[in-house]
Amino acid sequence: ELTASTAMNALAHCVEACYARDVNPLVPPVALEGIRRIVRSLPLCLTNGRNLDAREDLLAGAYLAGFSIGNATMALHHGICHVLGGRTGVAHGVLNAIMLPHVMQFNAGAVPDAMSAIADAMDAGARTRDYAAAPRGVAALAATLPVPHRLRDAGVQEAILDSVAAEAAVNSTVQANPKPVTEADLRELLAKAW
């Protein structure tokens, strides 16, 4: 679970760096290479935790993810996960695995070129110009992981979703999202993930 959840956090760093509003143009290619490495090595690491070649590849992907987000502004995904984690104590990587496909789907139409590049890096059907291919690819990956797949499975109570949405709506990280986000949008995202 630790390998899976931390790898999903690294993947989320790469994804957000691909469509950050203020990103340096040199960063997305690095983030896309991080995505390639994480997506190809994570299943191998989970199948055989002693596969050192796969672990090295995953670690290189995580390093590229750290570089990428270190040179870009975080957005909706991390903002909402920070609020959720602070309120619930659920591990950040677990929240990343749950929320990332939903947030990517929300953002897909606003950043179609980035989503196409992400899907291509994941080998998830970008050539069809289907901007939902990247969120679907991440959702399919997350579904195979030994982590909770819904907020309720992670112990998040439905009763707090409204207050989480309200708090996240004024979060500066959420406000840095490439697509404007309202409190109603946040409540809908949380409901889908719950």
Side-chain angles (χ1 to χ4, degrees), residues 2-46 53-82 84-85 91-127 130-145 147 173-174 176-179 181 189 193:
L2 187 60
T3 296
S5 63
T6 56
M8 288 303 288
N9 185 29
L11 182 64
H13 288 167
C14 291
V15 167
E16 282 198 329
C18 285
Y19 58 67
R21 290 193 301 190
D22 68 344
V23 72
N24 179 311
L26 298 177
V27 171
V30 174
L32 291 168
E33 180 59 23
I35 290 169
R36 282 184 201 93
R37 288 173 179 267
I38 292 165
V39 168
R40 76 178 172 222
S41 60
L42 178 57
L44 299 173
C45 291
L46 296 177
D53 290 334
R55 288 237 176 241
E56 182 179 343
D57 199 30
L58 184 60
L59 182 59
Y63 176 84
L64 296 172
F67 170 85
S68 298
I69 203 64
N71 289 285
T73 301
M74 287 185 264
L76 171 58
H77 175 262
H78 274 88
I80 202 166
C81 287
H82 291 160
L84 271 168
H92 185 63
V94 169
L95 294 171
N96 277 264
I98 295 168
M99 294 304 305
L100 186 58
H102 298 286
V103 173
M104 289 176 70
Q105 183 63 44
F106 175 80
N107 281 329
V111 288
D113 291 342
M115 287 297 172
S116 182
I118 292 166
D120 188 43
M122 295 182 67
D123 197 21
R127 289 167 192 86
D130 175 4
Y131 306 127
R136 281 195 312 269
V138 170
L141 174 63
T144 69
L145 303 179
V147 297
T173 304
V174 170
N177 197 57
K179 177 181 176 180
V181 184
L189 281 168

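- Between atom CG of residue Asp123 and atom CD1 of residue Ile35 there is a gap of 13.0 Å, rounded to the nearest 0.5 Å.
- Ala110 and Pro112 get closest at one heavy-atom pair: C-CD, 3.4 Å.
- When atom types are taken as modelled, the side chain of Ser41 and the backbone of Leu58 share a donor-acceptor pair closer than 3.5 angstrom.
- Interatomic distance, Asp22 CG to Asn71 CG, rounded to the nearest 0.5 Å: 9.5 Å.
- Between Ala75 and Asn177, the closest heavy-atom pair is CB-OD1, 3.5 Å.
- Leu42 contributes atom CG, which lies 8.5 Å from atom CD1 of Ile38 (distance to the nearest 0.5 angstrom).
- In this structure, the side chains of Leu44 and Arg55 stay at 4.5 Å or more apart for every pair of heavy atoms.
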Checklist entry - Can you check side chain to side chain contact (heavy atoms under 4.5 Å, CB included) on Arg36 and Asp57, steps first, answer last? => result CA-CA 10 Å; Arg36 282 184 201 93; Asp57 199 30; over 6 Å; no
Item to check | side chain to side chain contact (heavy atoms under 4.5 Å, CB included) evaluation trace for Met8 with Val147 | outcome: CA-CA 10 Å; Met8 288 303 288; Val147 297; over 6 Å; no
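- His13 and Ala65 make their closest contact through CB-O, 3.7 Å (heavy atoms, listed as atom of the first residue, atom of the second, distance).
- Tested against Leu32 for a side chain to side chain contact (heavy atoms under 4.5 Å, CB included), the candidates Val27, Leu64, Ile118 yield a single pass: Ile118.
- Ala97 and Pro101 make their closest contact through O-CD, 3.6 Å (heavy atoms, listed as atom of the first residue, atom of the second, distance).
- Taking both residues in full, the closest heavy atoms of Leu189 and Met99 are given as O-CE, 4.2 Å, listed atom of the first, atom of the second, then distance.
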Next on the checklist: With side chain to side chain contact (heavy atoms under 4.5 Å, CB included) as the criterion, how do Leu141 and Leu11 come out once you've worked through the C-alpha distance, each side chain's angles and the decisive distance to 0.1 Å?
Outcome noted: CA-CA 11 Å; Leu141 174 63; Leu11 182 64; 4.1 Å; yes
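- In terms of heavy-atom proximity, Val23 sits nearest to Ala17 at CG2-O, 3.4 Å.
- In this structure the side chain of Val138 never reaches within 4.5 angstrom of the side chain of Gln105, judged on heavy atoms.
- Here the NZ-CZ distance, from Lys179 to Arg21, works out to 14.0 Å after rounding to the nearest 0.5 Å.
- Leu95 contributes atom CG, which lies 8.0 Å from atom NE2 of His77 (distance to the nearest 0.5 angstrom).
- Atoms SG and CG, on Cys18 and Asn107 in that order, are 12.5 Å from each other to the nearest 0.5 Å.
- Between His82 and His92, the distance from one ring center to the other falls under 6.0 angstrom.
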